[in-house]
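In this text, all values refer to a predicted model and were calculated from it rather than measured experimentally. Worth knowing before you read on, the calculation uses all heavy atoms, side chains too, and leaves out hydrogens, waters and symmetry mates. Quick note on labels: first sequence line is chain A, next is B, and so on, each numbered from 1.
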Amino acid sequence: MTVLADHLIILPIVLPLLAGAFLLLLDDRRRPVKAALTILVAIALLVIAVTLLFRASGSTALAETVSYRLGDWPAPFGIVLVLDRLSAVMLVLTSILALAALVFSLARWHRAGPHFHTLFLFLLVGLNGAFLTGDLFNLFVFFEVLLAASYGLVLHGMGVVRVKAGLHYIVVNLAASTLFLIGVSLIYGVTGTLNMADLATRIPGLNDTDRMFMEAGAAILGVAFLVKAGMWPLSFWLPTAYAAASAPVAAIFSIMTKVGVYIILRLSLLLFGPGAGESAHFGSEVLLYGGMATIAFGLVGVLATQTMSRLAGYSVLVSSGTLLAAIGVGNAAATSGALFYLVNSTLAVAAFFLLTELVERGRDPGADVLAVTMEAFGYTDEDDITEEVEVGERIPTILAFLGGSFVACALLLAGLPPLSGFLAKFALMSAIMDPAGFGTGGPQFVVTWVLIALLILSGLSAMLAMTRIGIQTFWSPLEIAVPGVRGVEVVAVSFLLLLCVALTMAAGPVLDFMEDTAMSLHAPAAYIDSVLPNGGASRGATP
Amino acid sequence: MEIIIAVAIGVLTGSGLWLLLRPRTFQVIIGLALISYATNLFIFGMGRLRSNAPPILEPGGSSDLATLADPLPQALVLTAIVISFAMTALFLVVLLASRGLTGTDHVDGRETDL
Amino acid sequence: MRRILPHPLMSLAIFVMWLLLNQSVSPAALTFAAVLALGGGWMMTTLEQTGPRIRRPWTIIKLAGIIFIDIVHSNIAVAKIILRPSSRRGAPGFMAVPLDIRNPYGLATLAIVITSTPGTIWTNFSYSSGMLLIHVLDLQEEQLWIDTIKNRYERRLMEIFE
Amino acid sequence: MIDIDLALKDLPAWAAYLTAAMVFIGALLSLIGAIGLVRLKSFYERVHAPTLGATLGTGFILVASMICFTVLRGRLSVHEILIAVFLTITTPVAMMLLVRAALYRDRVENNREVPGAGKYKKAEAAVRSQAGESETADRT
Amino acid sequence: MWDEARLFLLICLPFLGSVVVASLPRDARDAACLLTGLVALTCTLVIASFYSTMSEGTVVSTTIEWLPTIGLNFILRLDGFAWIMAGLVGLIGFLVVVYARYYMSPEDPVPRFFSFFLSFFGAMLGVVLSGNLIQMVFFWELTSLFSFLLIGYWSHNPGAREGARMALTVTGIGGLCLLAGVLILGHIVGSYDLDKVLAAGDKIRSDSLYRPALVLILLGALTKSAQFPFHFWLPHAMAAPTPVSAYLHSATMVKVGVFLMARLWPVLAGTEPWFWIVGGAGVCTLLLGAYIAIFQQDLKGLLAYSTISHLGLITLMLGLGSPLGVVAAVFHLLNHAIFKASLFMAAGIIDHETGSRDLRRLSGLIRYMPITATLAMVAGAAMAGVPLLNGFLSKEMFFAETIVEHVDSVFDEALPFLAVVASMFSVAYSLRFILGVFFGPPPVGLPRKPHEPPHWMRFPMEFLVLLCLLIGIFPTFTIGPILHIGVSAILGDRLPYYSLAIWHGFNYPLLMSIIAMIGGILVYLLLRGYLAQGEEGPPLLRGLKGQRIFERIMVTVSWKWARQLEALFGTRRLQPQLRLLVFMALAAATLTLYFDGFGPLWLSFAGLDLHGFDTAFALMWLVGICCAVGAASEAKYHRLAALAMLGGAGLATCITFVWLSAPDLALTQLLVEIVTTVLLLLGLRWMPKRIKEVDALTPVPLNVRARRAWDLVVAIAAGTGIAMLSYAVMTQPMPDSISSFFLERAYSEGGGTNVVNVILVDFRGFDTLGEITVLAIVALTVFALLRRFRPAPESMAMPEQQQLQIAYDDAHPDRNVGQTVAEYMAIPRLIMLWLFPVIAVVAVYLLMRGHDLPGGGFAAGVAMSISFILQYMASDTRWVEDRLRILPVRWMGIGLLAATCTGLGAWLFDYPFLTSHFQYLELPVLGKIPMASALLFDLGVYSLVVGATVLMLIAIAHQSIRTPKLPRKKLAASTTGGQ
Amino acid sequence: MRFLPLPPARPLDMPFLVLDWSLFIAQLFLGLAMACAAYRLIFGPRAQDRILGLDTFYVNAMLLLLTYGIRIASATYFEVALIIALLGFVGTAALSKFLMRGEVIE
Ligand code: NA
Ligand code: NA
C-alpha cells in the first residue's frame, strides 16, 4: 500500500491509459462492459485526484510540492511529474468533468461511434499528463495526446457540422503544435534543457544573445498556448468546434482551453517571475491586452449568437479572456481570484454544454432566430391580458428541471448572485482594483477600469443572451415539445450544478486555498527545490 | 553547412505556409507535410549540426557532447515525425469525410474563395 | 519436411539474409536466423503460395553469367545512345515476343532480367495468348530480339523452373 | 575538395585506387543515366536510362564499398550484397508497373506512338452509355 | 446572541420556506399559501420584536465570515432605517399573501408562485439588512432575478414575457452598474463594510473617483426605482399578477432604489452632482409620471405611472440634499407603500370581479361593491394628498422642502411651481381613478357581473386603509416614533427639527396644497371630455414609447451591432484564421527579437562561414528546395505531381539526417515517407477532379490576387525569418546541455549504445509512451471516421480507369473481365508476395538492434506495416483478408498494454514508473544475450505502430470495397487472386 | 559542420588524395544526377515522367548515401540505403498503380 501511495501521482496518467488500452481488446459489442469500466476508472480518478489534492495542500503551504522521477532518472535529465496545488486542482476538476460527461454519455452518446470510451480515457491521459508534467517537451507530447483524443471526440457522432468544424479545429491546432515544437526546440537550443524548473534556474544567467533567442522561443511557444487558450484573434475556431461537438465531449472540452491557460499561468510565473532577471514579466502585457480583447470579442459573440451551443462556446472565450487578463495583471490576489473563477467557469460551462443538448433536443431548429426577431418587433397585444387566459399550463417536471438548471447556468455564466459566478467575478475584480496590483495613476489606471468594465459587460451580455434564449425556450408557447431526458443526464447536470452551489457555500475555504496556491505560484522557489533538490544539478552532469 | 540547412528550412517553411493558406484541403495537407519537414530540420538544427558523429557509442570511444552529435534533439524529432505522420493520416481522413459530406474540397466546406 | 519447411528456398534466403544483415555467424545469430527462416516459410504459407521447384543449379550459374555480360553490354550501349544520340542505329519501339514459358517464377525472373537490362523493358504479358510486349530503346530487328530472349533466357529458365 | 574521414588513410594504395575508380565509374554511370532521363525524347525512351544507375552504377559503388570496408576493418564486409539483391528485385517491379500504366494512358488518349492506340474507344463508349443509363435510372 | 439569531431567522426563513413551498405539489394551493403567510407573518413579528432595541438607537449586527480575504463577509445589520424598511417588506408581504390566496386561480401552479414570492421576500430583506455593500448588491440582483420570475409568472402571455425581460434587463444592467460603483466605493474606503463606508463620507466625496462612483451607483438606484429616463419598464411589469404588482411596486422592488439612495445619502449626498442628477431625475419623473398617469386607460397602468411619479417625488426629496428632505422622503416612502398597495389590491379586486381593468369600460361600480369602493376612495384620496390622510402629511413636508433654497439656480426657483403642478396632476388622476371606476352609469358589457370580493380578500386593503387614516389623523402617536427611528438612523446627529402635525397654520405649503387640490379638480374637469374619447396614451408624448425605443436600442446594440462586430473582428472561415495565426507567430518572434535589439542576429551573419560547405549536399538540397517549391505550385491541379515532389523533399530531409549524424531519424523519416505516400494516394481516390482548364477559366478577381500576394509575402517573410533564426542559433556555441548526461549514462546505466534509442525507450520513455498513445488515438479516430464515411456522389463510382479496363475486357471475346489487371499485376504481385517475409525479417532486424544501432520499435513497426500494405497493393483486399487475419486494434491494445506494463513492472521493485532494468543472460550455446526491459517496451511500441499504421491504411482501403461498384458482379470470375 | 580536426601538416598522400577527389567528383555526379531526376520530377511533362524522376531520385540518393558512407568510413548509412533498396519502390509502385487503376488498393 505504501508503494501505491508513492506512485499515486502517476496513476491519473497510467490508469486511464491502461484501461483504454485494455478496452481495445474488447469487442465493440461489449459496450456495457466498456462503459462500466470507464465509469469505474473515472470514479477512481476522482478519488485519486482528491487524495492528491489533500496531499498537495498539506499544512505548510509551500512544502507540499511532490515530484516524481520517471524511470528513476534525476531531474532535469529525466522527465519529472510535479504535483502542486495548482496541478492538483486541475486534476480534480478534470476528473469531475470526466465523470459527469461519462455519466451523461451513457444515455446515448457513447453509442454514437466506435471506441468512444478509449478515446475519452486517452483524453484524460493527455489532460492529466499536461497538468502534471514538469518537462516542456513532455508537455508537448501530452498536448498531442489530448489534442489527438479531442480530434477524435469532436468528430464523434460525425455529421456535416462536426466534420466541417473538426477540420478547422484540427488544422488550426496542427499549426499551433508546429509552433509549439519550434518554440520548445529553440528554447532547448539556447538553454540546453527541457525541464521547466531547470529552465527557471538557467534563465537569469543567460547571456544577451541566448536570452534573445530564448525569449523568441517563448514568444512562439506563447502563441501556441494562446491558440489553445482561445485568445483573440486566435480563437475563432473555438466556438464552432465546441458547438459542433457532442454534449459530453463539449463538456469535457470546457477544460481544454484551461489547459492552455494553466500552462501559461505555470510558465509565466515559473520562468518569467520577478526572479527571471531581464526576462521578468515577459509577455504579461500581451496576456493582459489579449485577454481583454478576448473578453470583448467573447461578449460580442455571446450577444450575436443564435444557438445555445454557440453561446456556450463564446462563454468559453469570455472565461479564457478573463483568465488571461487576470494572469496579465500579475499579482497573487488576481491569480487566486482567477483560479476560483477558473473552477467556477469550467464547471458552469460544462454543465451548460450538457444542458444545451437536453434543451435543444426538444426544439425546432429555427427557434433561436425567432428569439431575436420577436425581440426586434416587440409586442403590442397587451389587450390579450385577461384573466381567463392567464392560467399557467402544466409544466412537466422535466421542463422544471431544465428551466431551473438553465437559470443556474445563466447565473453562473453571467456572474450574477447567488451562485459562485458572482463570487468569482467579484474576487477577481476586487483583486484587480487592489492598488497593490495596478497602482493608481497613469495608463494602468485606465486599463484597470477598462478591464473591470469588460468583466461587467461580459456578465451583462451573458445575462441578455441567456434571457433571450431562456424566455424563448422555456416560456414561449411555440416550444411545447418537452424533450425526453434520461436519469443519467439529470444526474450529470445536477452533479455539476450542485458542485457550483457547494463552491458558493464553501467559497471562503476554497478562496483561501486558491490564495495559498497563488502565493506558491508567485514564489516558485519551492517548486524548483522540489524538482531539483540539489539546486540545478544540471550544471555538472555528474550528481 | 548551416547555411544550407537554414535555407532549406526557410524554403520548406515558406512553401508549406503558402500551401497552408490555400483553400483546397489537399493543398493544406501537402503544406502541413512540408512544414513538418521544416520543423523537424529546425528541431534537429537546435542540437547543432555535426557530420560523421552519430550518437552511437563505441567501446572505448568517447561519450562526450564535444565529439558526438546531440542525441536529444534527435529523439525529439523522432517523436515529432511519428506525431506528424499520425496527424497527416488523421487530417487526410477528415478532409475525405468533409469532401464526402459537403461535396467540395474547400477547407470551409463550401465554395467561398478561389 | 514439407510441413516444417514449406518454402525451403524462402527459408534459405531468409537464413542467409539474417546472417548478412548481422554480419555475424555467431551461435546466437545462427539460432535466430533458423527461427526466422522457419517463420518466413510459415508466413508464405499463410499467403497460400506454392514455392518454385528449382532444378539444374549449373544452368542457374550459366544464366547468371550471361545476364551479367548482357547487362554490361547493354549499359555501354545505352550510355552511348544517351551521350551521342546519333550513334543510335534503330528507333525505339514496342515489340511482341511469343513465349512458351508459363511458370510464374520463370516469368518473374524473365521480367526482372529483361527490365534490369538497360535498353529493354517488360511491359505486358498475356497468359492467354502467350504474347509478351516489351519496349526496346534501340529496335533494329525484331527477330534478333526475339531470338535473344527465347534462346538466351527463356530456354534456360524453362530448364530451371519447369 | 571535401573533408573525408582520416581513417581512410589506413587504406593500402591498391584498395584506395580501386575504391576511387569504382566509385567514380559508378557515379558516372548514374549520371549518364540521369542525363538520359533529361535528354531522351519520349517517356518510353527515358524509362531505360535510369537502369544504368540501378544496375552497373550501383554495382560499382557497392563493390567499392565492400572493398573499402573489408580492407579497412580487416573482415569481410558483404552485407552490401543485400542492397544489390533488393534493388535488383524491386526496381523492375516499379518499372513494369509504371510502363504498363503509361502505355494504358497513352492508349486511352489515343497517342499514335504506342501500339493499340485508341483501342479503348469502344470501351469508353460502353462506359459512357452505361453511366448515362444509370443516371436516367436514378432520375426515374 | 438572541438578536443575531433573530436576524438569521429573518434571512433564512424565507429562502427555506421557498424551497419547501417549491417542493409542494402543484395543486397544494392552500398549503402553499398558509406556509408563505406564516413565514411572512413570522418575519414581520420578528421585525416588530426589534422595536425596543431600535428605539434605543442601537444597531444590531452580526457577521459570518464568507470570503474574508477579499472583504466579503456576510453581515446582517439592522438599524432604524433598515428596520422600518424591513417592517414594510414584512407587513405588506404578509398582506399580499393573504390577498393572493384569493386572487390566484386554482389552475395556476400556485406553489411556484409562492416559492418565487418567498424568495423575492427573502432577497428584499437581504438588501435591507445587508451590512456589506457587496452583499447588498448580491441581494439586489436577486430581487431583479426573482421579480423577473414573478413578472413572467404567466409566461405563456407574451406581454408577461416581454415585461419580465425588460424589467430584468433594465434593473439587471443597473445592478451591474451598482456593482461597479460599489467596487469603487470599496476601493476608496478600503472596505465594503457599510459601517465603515458610512463613516467615510468626507473621504468619499473628496475622492477623484467620487463622480464615477456616484454615477454608477445612481444608475443602479434610478433604474431600480424606475426613474426617468429608465421609467419605461415599470408599466410593462404590470403584466404580472396583481399581488405581484401590489408588492413589487408599492413596498419593495422599486423602493429598493430609493432605499439605497437614502442609505448612502450621508456619504454621497450634498454635492452638486448629486443634486443635479438625483434632483433632476426626481423632478422629471415626478412630472412626467403624473402627467402620463392621467391619460392611462388601464387601471394598473394608471397606478404604475402614479408609482413612477411618487417615486420621483421621493427621489427629488433625497436629491435636494437637506436633512429635512430625507425625513420627507422616508415619510413619503412609508405612506406611498401603504396607499399604493391598497390601491393595487383594489385594482386587482376590480379586475378579478369584473374581468376588466379598462377605465373606458368600468363605471359606477359603487353600486356593486360599496365597501371596496369606499376603501379605494380613501386610499385614492391619500394618493391625492387630501388632508387627514397620510399622503397629505408627507406632501406638506414636500412642499415645505421645495420652497427652501438649496442650490442657487433657476431650477431651485422653479421647484415650488413644479411641485404644485405635479400635485395637480396627482389629484387629477386620483379623481379619474375614483370617479371613473366607481361613479357614473352602471357598466355595460363587462365579462363578469361585478360583486364584492370575499371578505378575506378585502381584508388587507381594509387594514392598509385603516393605517392611512390612523397615520393621517394621529401622526405623532402612530408614525411619529417609527419615522424617528428611521430617519435618525440615516441622519444621526444631523437630524433636523420636523413636525408631524396636521395643522401648521396658514403657510406656503398649505397654500400650495389648496392650489394643487383646486387645480387638480380643474384639470380633471377640463380633460374629462378628452379622456372619454378613450385614446390610449398622453397627448404630446403618445408617439414616444419608451418600450419601443428600448427594444430598438437593445436589438440594435445587442444584436445588430454585436453581429456586425462579430463579423468584423471574427471569422468562421479557415484561411483568415490561419493567416492570423501565422502572422501572430511571425509578429511574436519578430517583435521579441526587435525589442531585444536584433544585434546578435546580425553578428551571426557577419561571420558567415562557408567552411565545410559541401557541394553535393548543397546540390541535393537545391533539388529538395525545387521539389518543395514545385509541390507548392502544383498541389492544386496536379496532386499526384505534388505528392511525388513532396516525396523528393522528404528524401532530401532523410539524406540530411544521414549526412548530419542522425541515422535513426533518416530511417524513420524514410519509412514514414513511404507510408505517407501510400496513405495520401489512398486518399486521392476520393478527391474531386480538379482541372486547370476548367477551373481557371474565369478571370481571377483583384481581391483574390491581392490575398494571394499577401499570402506570398507572409510565406516568404516567415520562411526568411525562420531561416535566419535557425542559422543564427545553429552558429551559436552549444549551451551546457542535459544531453551530456545521456551520452555518459546510455551504456553504463541504460544498457544501449544507440543513445537516441536509449533516450526514447528509457531516459525519456514517457514521451514515447505518450507518442504511441497519440498514434493509437489517431488510428482509432481514423477508423471511427471511416466507419461512417460517405463518399461524394461523383467519387462513388469505380475509378474511370477500372471501368474502361473492364469494359475493354468485356468487349473482347478473347478476354475475361479483369484480365487487364490480372496481367498488369501478375509478376509484380508474385515478387511482392515474396517480399512479405523478407520485409518482416528486416523489421525484426531493425527492432532487435535498435537499442545499440539505428533502428528501434517505431522504424520496425512501420517497416512491418509496409509489408502488410504491400500485400494489399499486390492482391486485392478481399484476397488478402481471406488469408491474413490482421487484427490491428488487437495489436494496438497489446502494444500499449505491453509498453505500459513494462513501465509498471518497476513498481514491483519499488522503483518509479518506467525504471528500466537490463542484464546479460548467459545461455549455454548462444553465449551472452542482453536482456533489457527497454526491449520489451520497444516491442510494445512495435506492436502498436504496426497495428495503428495498418489500421489506418486498411480502413481507408476498405472504402473501395464498401462502395457499390456497378460492374463488380461481372468480376465474379476475376483472376486477381492467381492466374 | 565539424569534422575531426585535421592534423596541422598533412603529408601528401597520393592514394588518399585520389580517393578524396574521386569521392568528391562522384558525389558531385550523383548530385547532378539527382538534379536531372528532379528535372523530370518537377517538369514532367506527364505523370509517368514525374514518377520515373522520383524513382531515379531515390536510387541516386541511395548511391549518394553509399559514397557518403565510404567517405566517412562508417556504416551508419547502411540501414537507410538498405531500406531504400528494399522499400523505395513502394512509392513508385503505388503511384504507378494509381495511374493504371485509379486506386492503390482495390
Ligand atoms: Na531495362
Ligand atoms: Na370609466
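Using a 4.5 Å cut-off between heavy atoms, W42(C) does not touch chain E at all. Within the 4.5 angstrom heavy-atom criterion, atoms from both the backbone and the side chain of S126(C) approach chain E. For a residue to count as touching a neighbouring chain, one of its non-hydrogen atoms must lie under 4.5 Å from one of that chain's; by this rule M17(C) touches chain E with the side chain only. For A108(C), the parts lying under 4.5 angstrom from a heavy atom of chain E are both the backbone and the side chain.
Ranked by heavy-atom pairs shorter than 4.5 Å toward chain E, the options T123(C), L110(C), L36(C) are led by L36(C).
Nearest heavy atom pair, residue R883(E) against residue T46(C), reads CB-O, 3.2 Å.
For the atom pair CZ (F125(C)) and CD1 (I827(E)), the distance works out to 7.5 Å, reported to the nearest 0.5 Å.
Contact check for I831(E) versus I112(C): side-chain heavy atoms found under the 4.5 Å cut-off.
Of all residues in residues 60-75 of chain C, none places a non-hydrogen atom less than 4.5 angstrom from a non-hydrogen atom of chain E.
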Can you give each donor-acceptor pair under 3.5 Å made by side-chain atoms of residues 833-862 of chain E, sequence neighbours left out, with the distance rounded to 0.1 Å?
unit_1	atom_1	unit_2	atom_2	d
W834(E)	NE1	Y105(C)	OH	3.1
Y845(E)	OH	L21(C)	O	3.4
Y845(E)	OH	R849(E)	NE	3.2
Y845(E)	OH	R849(E)	NH2	3.4
Y845(E)	OH	E79(F)	OE2	3.1
R849(E)	NH1	P854(E)	O	2.6
R849(E)	NH1	E79(F)	OE2	2.8
R849(E)	NH2	E79(F)	OE2	2.8
H851(E)	ND1	N757(E)	OD1	2.9
H851(E)	NE2	G750(E)	O	3.1
D852(E)	OD1	T753(E)	N	3.0
D852(E)	OD1	T753(E)	OG1	3.4

